[in-house]
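All values derive from a computational prediction rather than experimental measurement. Just the heavy atoms: all of them, side chains too, but no hydrogens, waters or symmetry mates, feed the values below. Ligands are counted one by one from 1 in listed order, and the atoms in each one are counted from 1 as well.
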Amino acid sequence: MRVLGIETSCDETGVAVYDCEQGLLSHALYSQVKLHADYGGVVPELASRDHIRKLVPLVQKALAEANCVASDIDGIAYTRGPGLVGALLVGSSFARSLSFGWNVPAIGVHHMEGHLLAPMLDDPAPEFPFVALLVSGGHSMMVRVDGIGEYETLGETLDDAAGEAFDKTAKLLGLDYPGGPVLAKMAEQGTPGRFVFPRPMTDRPGLDFSFSGLKTFAANTIKAVESENASEGLTEQDKADIALAFQTAVVETLAIKCRRALQHTGLKRLVIAGGVGANSALRSELKAMTRKLQGQVYYPRLEFCTDNGAMIAFAGAQRLKAGQCGDISEQVQPRWSLDSLPGL
Ligand code: KG4
Ligand code: ZN
């Protein structure tokens, strides 16, 4: 079975062709980052309009790179939610129209299911069961995964998502949107130990997160440094030191929670997915932590940590192959619980 995947939940238009026997045949991505940068965040209406502009050329590109024509496609997978309603509607109307025109089934995929299955696009793929840490711009969740659609949320953020905290702290440091990767780059020049940020919610049991306090801590630290060197404001070194202290706090907090989740479930395999999973400090900390527990950690390749069509094609293909599909009346789900998904 060959599936066309379409991702339009936020500010990336992603299209891919996945074949159940041959694996990923192609993927094409267009990031709207430049479009939203002037506004310091995603403008939903602009995002929707840009998805409309980019979908047709990206589908043509993905089909051409996969050496496919329309009649080679057996099914269509699109992101049904969670995400921005307008952006989701573009992808779902487009996917449903193609499904109708090409006379193939279509299925609406949960965006976070796409993220958590993304490491399965590469070898070695993690086997079920595993614990998944999903850390993106909109979500931070710890999930027990026993199979496709067999998800139990063990913990989630009570306020900001990890990526959101990265982006907001980056903004306080005067970095461009989306600041997560820029802040991470800056942290490489930071002086370890100059500032120490708290590790939120690690002093109490449980697997929930809270990251909004770190952003406030960063704001207060910036104010204190600025008042110390009044004439200069923040130097590049000050920014790097704050970036490192912030990143270390997020990374250590996530590592503590992941260790707890593995111990709590008795599982040995940990999957990291979502945009923040691209953070190299987080990757190396979790690698070291799982090694100590004699476990293994799995990540998607870097380009599939952030939003993409390949993860949607893959997740949709698993469900279509099992005979699942939706009909034309299927509504998008801007808010959608992962635990409510059906198994195969
Ligand atoms: O999964 P994703 O592409 O979109 C959502 O579904 O939200 O995640 C985007 C988030 C942004 O907040 C971005 O700043 C963050 O992932 N991000 C990073 C890194 N790369 C992307 N955060 C920290 N370090 C990175 N290297
Ligand atoms: Zn995402």
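- Using a 4.5 Å heavy-atom threshold, the side chains of Met120 and Pro126 count as touching.
- Atoms of ligand 1 found under 4.0 Å from any heavy atom of Gly163 (numbered from 1 in listed order, with element): 12 (O).
- Shortest contact from atom 14 (O) of ligand 1 to any protein heavy atom: Asp167 OD1, 2.6 Å.
- If you look at the Zn ion (ligand 2), the protein N, O or S atoms less than 2.8 Å from it are His111 NE2, His115 NE2, Asp307 OD1.
- When only non-hydrogen protein atoms are considered, atom 1 (O) of ligand 1 lies nearest to Gly275 N, 3.0 Å.
- Atoms of ligand 1 found under 4.0 Å from any heavy atom of Ser136, numbered from 1 in the order shown, are 1 (O), 5 (C), 6 (O), 7 (O), 8 (O).
- Counting the atoms of ligand 1 from 1 in the order shown, those under 4.0 Å from a heavy atom of Asp307 are 1 (O), 2 (P), 3 (O), 4 (O), 5 (C), 6 (O).
- For the side-chain contact (heavy atoms from CB on, under 4.5 Å) with Met311, the lone residue among His27, Glu113, His111 that qualifies is His111.
- The other members of the hydrophobic cluster of Leu84, by chain and number, are Val42, Tyr177 (side-chain heavy atoms under 4.5 Å, ILVMFWY only).
- For atom 22 (N) of ligand 1, the closest heavy atom belonging to the protein is Gly180 CA, 3.7 Å.
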(Q) Walk me through whether Gln237 and Thr191 qualify under side chain to side chain donor-acceptor pair (under 3.5 Å). (A) CA-CA 8 Å; Gln237 191 58 51; Thr191 319; 3.3 Å; yes

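- Side-chain contact, Asp160 with Ser212: no donor N or O sits under 3.5 Å from an acceptor N or O.
- Closest protein heavy atom to atom 24 (N) of ligand 1: Asn279 ND2, 3.0 Å.
- At a heavy-atom cutoff of 4.0 Å, ligand 1 is contacted by the side chain of His115 but not by its backbone.
- Ligand-side atoms of ligand 1 in range of Gly138: 7 (O), range being under 4.0 angstrom from any heavy atom.
- Put simply, the residue from Glu7, His51, Lys54 that forms a side-chain hydrogen bond (donor to acceptor under 3.5 Å, both in side chains) with Thr13 is His51.
- In terms of the salt bridge (charged side-chain N to carboxylate O under 4.0 Å, His left out) criterion, Glu285 has no residue partners (sequence neighbours excluded).
- Distances shorter than 4.0 angstrom occur between a heavy atom of His111 and an atom of ligand 1.
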Q: Walk me through it: do Glu127 and Tyr298 pass the test side chain to side chain donor-acceptor pair (under 3.5 Å)?
A: CA-CA 10 Å; Glu127 283 173 27; Tyr298 298 83; over 6 Å; no

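- Cation-pi geometry between Arg283 and Tyr299 is met: under 6.0 angstrom from the ring centre, within 45 degrees of the axis.
- In this structure, atom 7 (O) of ligand 1 lies nearest to the protein heavy atom Gly137 N, 2.8 Å.
- Considering backbone and side-chain N/O atoms, Thr306 never comes within less than 3.5 Å of an N/O atom of ligand 1.
- Using a 4.5 Å heavy-atom threshold, the side chains of Cys10 and Glu12 count as separate.
- A donor and an acceptor atom, one from each side chain of Asp327 and Ser329, are located under 3.5 Å apart.
- Among all heavy-atom pairs drawn from Ala184 and Asn279, the shortest one is CB-ND2, 3.6 Å.
- Residue His139 does not touch ligand 1, judged by heavy-atom distances below 4.0 Å.
- The N/O atoms of Pro181, backbone and side chain alike, include none that comes under 3.5 Å of an N/O atom in ligand 1.
- Among residues at least two apart or in separate chains, side chain to side chain donor-acceptor pair (under 3.5 Å) pairs with a member in residues 36-49 are Gln32-His36, Glu45-Arg49.
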